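Beneath this line is the structure, given in structure tokens, with notes to follow.
Being a predicted model, the structure only gives us computed values, none of them experimental.
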Amino acid sequence: MSSPQSIEVPDALVASYTRNDGEEERTWIARLPALVAELLDRWDLERDGGIKSGEASLVIPVRRTDDTRAALKLQMPREETTAALIGLRAWNGNGIVRLLDHDPESSAVLLERLDGSRTLASVEDDDVAMNALAGLMARLHSAPTPEGLRGLGDIARDMLASVPAAVAALPDLQDQRRLHGWASAVTELVDEPGDRMLHWDLHYDNVLAAQREPWLAIDPEPLVGDPGFDLWPALDTGWEKPHATGDTPRLVRRRFDLLTERLGLDRQRAAGWTLARLLQNTLWDIEDGRTSIDPSQTTVAQALPRY
């Protein structure tokens, strides 16, 4: 029988869940070792490596009784964990990590094990990497849309309702005009939000090397909407080398051209929905106390085709 005492929750994950002093979060973190031990026993899993964590989840490499390598992932039950489960079931491993088992009560999932040490960011040629990402994105967007996911139309309307207060929080007039401009682009599109299943966070670090395919996506945050709303994470990933040489705007434009061509998207609509992502990111920043638009958002906006 697995022992809770042998399960060490990384300090970073504990800090992430307890920094706001929420009782529900503290309770979940405190119970996490016992929950892991219970699931290891229930699913006859043997630990097969060190515990890893992100900002919101705990991941434990395991082996099943048939010696299949898998990963046990635990995250506090929330709307996004439910959406991820719906998406993983609908995609059924097509371009994305495969769901092997699920515990409805805790929202824990048992996933196909991928190579966490090698992400798409390791590919030196950016065109090769972005083409691989675009291929995965096209497959994810082609899946039938399941019931139970949030729609982009509702999300966009909520964003627009938050704009007046957000503008008032920006002291710089140029930032205010920029936010109004992004909101205008969303206003033009909000009545046609789209009907595809989106990943919402597909970037280089969320694509891992695999055995059954060269690359597979992980960590979806599914919703239903226009594929153009899915582009921003891919545009805003892996800037380190090009940014150092001043080539970031060119890189963003090249990626935008590649993605819209591979996905068969209308460029104007794709640019508009990308501005919607910049608006969303900035609204979140302002909620967190920021009083200016992040320069990275401006860089992406300026690199897009004229909307």
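Judged purely by atom type and a 3.5 angstrom limit, S16 has no side-chain atom pairing as donor or acceptor with the backbone of A12. Looking only at distances, no side-chain donor or acceptor of W232 sits under 3.5 Å from a matching main-chain atom of G228. Side-chain atoms of D172 come within 3.5 Å of backbone atoms of D175 as a donor-acceptor pair (strictly under, hydrogens ignored). R64 contributes no side-chain N or O that, together with a main-chain N or O of T68, makes up a donor-acceptor pair within less than 3.5 Å. Without hydrogens or angle criteria, S162 side chain to D158 main chain gives a donor-acceptor distance under 3.5 Å. With hydrogens and angles ignored, the 3.5 Å screen pairs a side-chain donor or acceptor of T299 with a backbone N or O of P295. At least one donor-acceptor pair closer than 3.5 Å links the side chain of R157 to the backbone N or O of G153. For W91 (side chain) and L140 (main-chain N/O), a donor-acceptor pair under 3.5 Å exists by modelled atom type.
Considering CG of L231 and CG of D236, their distance stands at 12.5 Å, rounded to 0.5 Å. Annotation: the span from W43 atom CH2 to L100 atom CG amounts to 9.5 Å, rounded to 0.5 Å. Taken from OG in S142 to CG in N94, the straight-line distance is 6.0 Å, to the nearest 0.5 Å. To the nearest 0.5 Å, the span separating CG on L279 from CE on M159 amounts to 4.0 Å. Interatomic distance, CG of L149 versus CD1 of I86, reported as 5.0 Å (0.5 Å rounding). R253 contributes atom CZ, which lies 10.5 Å from atom OG1 of T248 (distance to the nearest 0.5 angstrom).
Residue V59 is not grouped with residue Y17 when hydrophobic side chains (ILVMFWY) are merged at heavy-atom distances under 4.5 angstrom, including chains of intermediate members.
No side-chain heavy atom of W182 sits under 4.5 Å from any side-chain heavy atom of V186. Residues L152 and V190 form no side-chain contact, since every pair of their non-hydrogen atoms from C-beta on lies 4.5 Å or further apart. Between L99 and R89, some side-chain heavy-atom pair lies under the 4.5 Å cut-off. For the pair V252/R255, no side-chain contact is recorded, criterion being any heavy-atom separation below 4.5 Å from C-beta on. Looking only at side-chain heavy atoms (C-beta outward), I96 and L216 stay at 4.5 Å or farther from each other. Using a 4.5 Å cut-off on side-chain heavy atoms (C-beta onward), H180 and R177 make no contact. Side-chain contact between R113 and P61 is present, with heavy atoms from C-beta onward closer than 4.5 Å. In this structure, the side chains of H141 and L198 come closer than 4.5 Å at one or more pairs of heavy atoms.
A cation-pi geometry, defined here as NZ or CZ lying under 6.0 Å from the six-membered ring centre and within 45° of its normal, holds between R118 and W215. Geometric assessment of R277 against the ring of F229 yields a positive cation-pi assignment under the 6.0 Å and 45° thresholds.
Here the shortest heavy-atom pairing between W273 and P193 reads CZ2-CA, 3.8 Å. Scanning all heavy atoms of the two residues, the minimum distance from A30 to P33 falls at O-CD, 3.6 Å. For the pair L304 and A271, the tightest heavy-atom approach, listed with the atom from each and the gap, is CD1-O, 3.8 Å. Of all non-hydrogen atoms in I155 and W200, the two that sit nearest each other are CD1-CH2, 3.8 Å. Across all their heavy atoms, P249 and A303 have their closest contact at O-CB, 3.6 Å. Taking all atoms of both residues into account, the shortest heavy-atom contact from L170 to L179 is CD1-CD2, 3.9 Å.
Side-chain contact annotation: N131 with R262, donor-acceptor N/O pair under 3.5 Å present.
T298 meets the side-chain contact (heavy atoms from CB on, under 4.5 Å) test with R178, I293, Q302; sequence neighbours excluded. Judged as a side-chain contact (heavy atoms from CB on, under 4.5 Å), and not counting sequence neighbours, the contacts of N206 are H199, D201, H203, I218, D219. Remark: S117 pairs with D115 by the side chain to side chain donor-acceptor pair (under 3.5 Å) rule, at least two apart or across chains. Take A234 and apply the side-chain contact (heavy atoms from CB on, under 4.5 Å) test, not counting sequence neighbours, and it matches M130, L133, L259.
Here R254 does not pair with D126 in a salt bridge; the nearest charged N to carboxylate O distance is not below 4.0 Å. Taking the charged nitrogens against the carboxylate oxygens, R269 and D226 do have a contact shorter than 4.0 Å, which makes a salt bridge.
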side-chain contact (heavy atoms from CB on, under 4.5 Å) evaluation trace for L74 with L35: CA-CA 9 Å; L74 298 96; L35 178 58; 3.6 Å; yes
For E261 and R267, run salt bridge (charged side-chain N to carboxylate O under 4.0 Å, His left out): C-alpha distance rounded to whole Å, both residues' side-chain angles, the deciding distance at 0.1 Å, then the answer. CA-CA 9 Å; E261 181 177 353; R267 286 170 55 82; over 6 Å; no
Intermediate values then yes/no, salt bridge (charged side-chain N to carboxylate O under 4.0 Å, His left out), E112 and R69: CA-CA 7 Å; E112 167 187 20; R69 300 164 72 245; over 6 Å; no
For L32 and L13, what are the C-alpha separation, side-chain angles and deciding distance, and is it a side-chain contact (heavy atoms from CB on, under 4.5 Å)? CA-CA 11 Å; L32 191 52; L13 187 63; 4.1 Å; yes
Going through the checks in order, is the side-chain contact (heavy atoms from CB on, under 4.5 Å) test met by T119 and V207? CA-CA 6 Å; T119 74; V207 178; over 6 Å; no
Kindly determine whether L202 and D230 satisfy side-chain contact (heavy atoms from CB on, under 4.5 Å), including the steps that lead there. CA-CA 7 Å; L202 191 60; D230 235 4; 5.5 Å; no
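Within a 6.0 Å sphere centred on CD of Q211, other residues, nucleotides and ligands contribute 12 heavy atoms or fewer. For CG of D288, the number of neighbouring non-hydrogen atoms (other residues, nucleotides, ligands) closer than 6.0 Å is greater than 12. Summarising the local packing, CZ of R98 is surrounded by more than 12 heavy atoms from other residues, nucleotides or ligands at distances under 6.0 Å. The 12-atom threshold is exceeded at CD of E213, counting heavy atoms of other residues, nucleotides or ligands nearer than 6.0 Å.
Identified under the side chain to side chain donor-acceptor pair (under 3.5 Å) test for residues 74-87, with sequence neighbours left out: E25-R78.
Remark: of the listed residues V9, L58, D41, L58 is the sole one forming a side chain to side chain contact (heavy atoms under 4.5 Å, CB included) with V36.
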Ignoring hydrogens and angles, write down the donor-acceptor pairs under 3.5 Å from the side chains of residues 104-111, residues two or more places apart or on other chains.
| unit_1 | atom_1 | unit_2 | atom_2 | d |
| --- | --- | --- | --- | --- |
| S106 | OG | D103 | OD2 | 2.5 |
| S106 | OG | A108 | N | 3.2 |

